[in-house]
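Some notes on the structure that comes next.
When a residue number appears, it is its place in the shown sequence, counting from 1. Hydrogens, waters and symmetry mates are skipped; everything else that's a heavy atom, side chains included, is used.
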Amino acid sequence: MYIQNGVLTEYACMPHGLGKYNSQYSEPLPQQSWIITFDMQELLGYICQKATCHFRGRNYVAWFAPDIPVRQGPWKLGGLPGLILKAHDTDSLYTFEAVKIETGKHPITRYEYKNYKVEKREKVQKMQREFTENWHKAVGSYRIEILPNGQSERKETVSIYTPYEPLELE
């Protein structure tokens with residue numbers, strides 16, 4: 001993920017064997033409508049305040065540090081008056097938590113994603129769902145039967161469903 005001039009570009013690396021479908025999409029930097037509460041919690045030596053929001057189909061709880069005046073957070077979460085040090089969805093499927101904060105000069109390097117096709121967000125998410133739910137079918141795995149004469153015979157395509165819980169539901 002890369003953010004520049006209010007535009008977020010996400011790079012989606014598809015599962016093993018499906019690299020030809022690696023894609024990227026851009027969208028305006030998503031904004032959340034946070035509800036800030038008076039609950040407090042200490043994280044990494046910082047007093048953090050609680051905020052909640054509904055974003056792309058999930059409800060999130062975030063803890064942000066007002067003493068770190070950075071309006072960012074993990075993944076696509078941000079926009080609070082302080083750095084988000086911890087966030088989770090209310091179904092407890094996803095949790096993001098800072099484990100260390102270092103000060104000093106740290107260069108930021110942007111990785112160049114080559115051969116990533118530009119697609120629409122919806123198409124990338126559809127591919128991610130299809131490839132994750134049934135990777136064997138997506139890569140064309142098939143069952144082989146060994147015949148009595150020692151020869152092999154290609155049979156039906158293997159189909160093994162795997163449950164998929166994406167971060168974004170809408």
Side-chain angles (χ1 to χ4, degrees), residues 1-129 131-132 135 162 164-170:
M1 194 165 22
Y2 184 73
I3 300 169
Q4 183 176 21
N5 298 325
V7 175
L8 178 144
T9 300
E10 182 156 333
Y11 300 91
C13 181
M14 298 302 167
H16 179 71
L18 297 166
K20 67 182 181 181
Y21 297 103
N22 287 348
S23 303
Q24 70 180 56
Y25 66 85
S26 295
E27 63 178 330
L29 183 62
Q31 302 297 311
Q32 293 84 43
S33 294
W34 293 101
I35 297 170
I36 298 174
T37 72
F38 293 106
D39 297 325
M40 301 291 185
Q41 180 181 124
E42 184 176 331
L43 295 166
L44 299 175
Y46 292 90
I47 300 300
C48 295
Q49 195 167 352
K50 182 180 178 182
T52 61
C53 76
H54 181 82
F55 180 63
R56 295 200 172 153
R58 293 194 186 279
N59 294 313
Y60 288 94
V61 175
W63 295 89
F64 67 96
D67 289 341
I68 305 175
V70 176
R71 299 178 67 82
Q72 299 292 324
W75 181 53
K76 296 179 181 181
L77 301 176
L80 286 165
L83 182 64
I84 298 172
L85 296 182
K86 184 176 182 179
H88 66 86
D89 70 297
T90 56
D91 292 329
S92 299
L93 291 172
Y94 294 99
T95 300
F96 307 93
E97 186 170 358
V99 295
K100 184 177 182 181
I101 295 177
E102 291 183 11
T103 58
K105 293 184 179 183
H106 303 282
I108 298 173
T109 304
R110 180 178 177 189
Y111 179 78
E112 292 299 324
Y113 291 88
K114 297 180 180 172
N115 302 320
Y116 276 59
K117 291 188 247 175
V118 177
E119 299 286 0
K120 299 271 187 215
R121 177 176 160 262
E122 295 78 14
K123 182 173 181 177
V124 172
Q125 289 178 327
K126 182 180 179 193
M127 285 190 296
Q128 287 174 317
R129 173 175 290 282
F131 296 161
T132 302
W135 177 83
T162 303
Y164 181 53
E165 288 289 347
L167 272 165
E168 298 180 33
L169 299 174
E170 51 188 48

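- No donor-acceptor pair under 3.5 Å is formed between the side chain of R71 and the backbone N or O of L83.
- Residues P166 and Q128 have side chains not in contact (no heavy-atom distance under 4.5 Å, counting atoms from C-beta outward).
- Atom NE2 of H106 has more than 12 heavy atoms from other residues, nucleotides or ligands within 6.0 Å.
- In this structure, OG1 in T95 is found 10.0 Å from OH in Y60, a value given to the nearest 0.5 Å.
- Between the side chain of S23 and the backbone N or O of Y116, no donor-acceptor pair lies under 3.5 Å.
- Close placement of the F55 and W75 rings is indicated, their centers lying within 6.0 Å of each other.
- One finds the CD1 atom of I68 at 8.0 Å from the CG atom of L44 (value rounded to the nearest 0.5 Å).
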Using side-chain contact (heavy atoms from CB on, under 4.5 Å), reason through K76 and M1 one step at a time and then give a plain yes or no. CA-CA 9 Å; K76 296 179 181 181; M1 194 165 22; 3.8 Å; yes

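- Counting non-hydrogen atoms of other residues, nucleotides and ligands closer than 6.0 Å to NZ of K117 gives a total above 12.
- A donor-acceptor pair under 3.5 Å links the side-chain atoms of W34 to the main chain of G78, judged by distance alone.
- R121 and E168 are joined by a salt bridge, as a carboxylate oxygen and a charged side-chain nitrogen come within less than 4.0 angstrom of each other.
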Would T90 and R58 satisfy side-chain contact (heavy atoms from CB on, under 4.5 Å), going step by step from the backbone distance to the final call? CA-CA 8 Å; T90 56; R58 293 194 186 279; over 6 Å; no

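- Here the side chains of I101 and L85 are in contact, with some heavy-atom distance below 4.5 Å.
- The shortest side-chain heavy-atom distance between L8 and Y2 does not fall under the 4.5 Å cut-off.
- When side chains are defined from C-beta on, P28 does not count as touching V7, because their heavy atoms never get closer than 4.5 Å.
- When every heavy atom of P66 is checked against every heavy atom of Q49, the shortest pair comes out as CG-OE1, 4.3 Å.
- Between T162 atom OG1 and W135 atom CH2 the span is 10.5 Å, to the nearest 0.5 Å.
- Side-chain atoms of W63 never come within 3.5 Å of backbone atoms of E42 as a donor-acceptor pair (strictly under, hydrogens ignored).
- A distance-only check finds a donor-acceptor pair linking the side chain of Q31 to the backbone of L29 [under 3.5 Å].
- Here the straight-line distance linking atom CD of Q125 with atom NZ of K123 works out to 13.5 Å at 0.5 Å rounding.
- The shortest heavy-atom contact between S33 and C53 is O-CB, 3.5 Å.
- Judged by distance alone, the side chains of E10 and Y25 do bring a donor and an acceptor atom under 3.5 Å apart.
- Here the side chain of D89 pairs a donor or acceptor atom with the backbone of D91 at under 3.5 angstrom.
- With rounding to the nearest 0.5 Å, the separation of NE2 in H88 from CG in L77 is 11.5 Å.
- A 4.5 Å side-chain heavy-atom check between F64 and C48 finds every atom pair outside the cut-off.
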Requested in this report: Report the C-alpha separation of I3 and Q72 in whole Å, then their side-chain angles, then the decisive distance to 0.1 Å, and conclude whether the side-chain contact (heavy atoms from CB on, under 4.5 Å) test is met.
Outcome: CA-CA 11 Å; I3 300 169; Q72 299 292 324; 4.0 Å; yes

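- The minimum heavy-atom distance between Y11 and Q24, with the atom names listed, is CE2-OE1, 3.2 Å.
- The minimum heavy-atom distance between Y46 and D67, with the atom names listed, is CD2-CB, 4.3 Å.
- Contact record, L80 with A62: CD1-CB, 4.3 Å, taken as the closest heavy-atom pair.
- Under the 3.5 Å distance criterion, the side-chain polar atoms of N22 are matched with a main-chain donor or acceptor of M14.
- Between L169 and R56 there is no side-chain heavy-atom pair separated by less than 4.5 Å.
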_Stepwise side-chain contact (heavy atoms from CB on, under 4.5 Å) check, V61 with K50_ = CA-CA 7 Å; V61 175; K50 182 180 178 182; 3.7 Å; yes

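- We find that K126 and E119 are not joined by a salt bridge, their nearest charged nitrogen and carboxylate oxygen being 4.0 Å or further apart.
- Closest non-hydrogen pair, Q41 versus L43, comes out as OE1-CD2, 3.2 Å.
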